[in-house]
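Presented below is the structure to which this report refers.
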Amino acid sequence: DQITMRSKFRGAMLGSLMGDCLGAPYEFCDITPGTKMQIQKYFDDLGDPNLKPQPFKKYTDDTAMLKSMAKFLIDKPEPDFNFLAKLFVKEFFSEPRRGYGENVVEVFCKLRDTKCGDAFSPAKTQFNGQGSYGNGGAMRVAPVALFYHSDYQKMLEVAEKATNVTHTHLLGVNGALLQCIAVQQALMIDPKNKINAKKFCHEIFKKIRFLETKGGQDRHDVESEECTYQLKMKIVENFLSRKFDDEFDDEVIICLGNGVSAHESVATAIFCFLKALDDDIPYIKTDDIYRRTIQYAISLGGDTDTIACMAGAICGAYLGEDALNKNLMKHCEKYKDIIELADNLFDAHSAPVNEY
Ligand code: F2R
Ligand code: MG
Ligand code: MG
Ligand code: MG
């Protein structure tokens, strides 16, 4: 259904923006039980229809790069990664103070100095040739999941290469693929149907295991980086069958993480979405599934803008635009531009290319 899909594109893009904007004020703040109550009040206050959206909650690097990802897909019929590199560079040098990762800036400088002639070279030299495993690939990948949702292999191929412009470490790349898979899977579910969280989680587990083992047999060296995300998804599944108690959040943070590394944040974002489908987080009081998702992500602390952005993209892709709270939305910088971008992405994806 065309209308539903258009709404889901908007939902994923806005869901991502709102997680970023609303999560940014709490990035790496100390979180105590008191802070969790403050965050509840922060959302209650922002949800008041009479509160003027001044000043806006500003978006950060997460959304700046997401915008470039969408333009990259919209403007050319086939992916052109040098063009993507140019968009990143242009965006970064026009607004460098958006809270970018500490090391990714080196990539932008090298890309600019080489006029983006080889999109893939600068990133390979990061961290003495290891490449970055920051969550910067994952935080911006949602447009790829939307655009290629009906061509799974192409989606993975484009997601990997688009990540490689800044991130080449296996964990950075597989983290972006994990997020991409989660968004695509959420997009394909009718929001009228309630999600079976464990089943959803297990589907992702099977897909990421297939990628990590390159379609081969189960590996036994499960400690290796090549098995990181299948292990994380098993942990997510286990947490989903536990009741919430006083230790719950601390254990989630220890086992799944809340950091700037992809392996300490992407599975956490997926977990936030799935956990928030049920209303059993005692300090979160709202009937709104989307709000519950990002409020929970923010309440876990650490890299709040990015984890809320990723969880928000997944949740928005599932629920669509209409389920997102308009009062919260209007506080987010440039939300109208994001709606337009989502529509352009939708129109470009459904435009008949090379059909005749
Ligand atoms: N940068 C921020 N927020 C400020 C960070 C706060 C600070 N850490 C604190 O504790 O207060 N937010 C934005 O950055 C994240 C996305 O980063 P991205 O794009 O992946 O950048 P980068 O620089 O490539 O990686 C980020 C950090 O990850 C660590 N790292 C990555 N690869 C590594 C490797 N191979 N070896 C060692 N460390 C590695 C480094 O610390 C990088 O600086 C998002 O949160 C976004 O919102
Ligand atoms: Mg950010
Ligand atoms: Mg509750
Ligand atoms: Mg962040």
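Start at 1 and go down the list; that is how both ligands and their atoms are numbered.
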Answer key: the N, O or S atom of Asp305 nearest to the Mg ion (ligand 4) is OD1

For the Mg ion (ligand 2), decide whether Met139 has an N, O or S atom at a distance under 2.8 Å.
no

Would you sort out whether Phe9 and Phe147 count as a ring-ring contact (aromatic ring centres under 6.0 Å, His included), showing the intermediate values?
CA-CA 9 Å; Phe9 272 51; Phe147 194 82; 8.1 Å; no

For Thr60 and Arg97, does a side-chain donor sit closer than 3.5 Å to a side-chain acceptor?
no

N-O pairing of Arg6 and Asp343 below 4.0 Å
yes

Metal-centred angle, the Mg ion (ligand 4) as apex - OD1 of Asp303, OE2 of Glu27, 10° resolution
80°

For Asp279, is there an ion pair with Lys285 - N to carboxylate O distance below 4.0 angstrom?
no

So does Ala317 get a backbone contact from the side chain of Lys8, meaning a donor-acceptor N/O pair under 3.5 Å?
yes

Could you tabulate the donor-acceptor pairs under 3.5 Å formed by side-chain atoms of residues 252-272, not counting sequence neighbours?
| from | atom 1 | to | atom 2 | distance (Å) |
| --- | --- | --- | --- | --- |
| Asn258 | ND2 | Leu300 | O | 2.9 |
| Asn258 | ND2 | Gly301 | O | 3.4 |
| Ser265 | OG | Asn135 | ND2 | 3.2 |
| Ser265 | OG | Ser261 | O | 2.8 |
| Thr268 | OG1 | Leu256 | O | 3.1 |
| Thr268 | OG1 | Gly257 | O | 2.7 |

Any salt bridge linking Arg98 with Glu333? Criterion: basic side-chain nitrogen under 4.0 Å from a carboxylate oxygen.
yes

Does the side chain of Leu319 come within less than 4.5 Å of Ile289's, by heavy atoms?
yes

Taking both backbone and side chain into account, is any N, O or S atom of Asp61 nearer than 2.8 Å to the Mg ion (ligand 2)?
yes

Pocket residues of ligand 1, ordered first by chain and then by residue number (heavy-atom cut-off under 4.0 Å)
Glu27, Phe28, Asp61, Asp62, Gly99, Tyr100, Gly101, Glu102, Asn103, Val104, Phe127, Gln130, Gly131, Ser132, Tyr133, Gly134, Asn135, Gly136, His167, Val260, Asp303, Asp305, Thr306

Chi angles and distances behind the ring-ring contact (aromatic ring centres under 6.0 Å, His included) call for Phe108, Tyr100:
CA-CA 11 Å; Phe108 299 140; Tyr100 283 86; 5.5 Å; yes

Within 2.8 Å of the Mg ion (ligand 4), is there any N, O or S atom belonging to Asn135?
no

Which atom of Asp62 approaches the Mg ion (ligand 2) most closely (N/O/S)
OD1

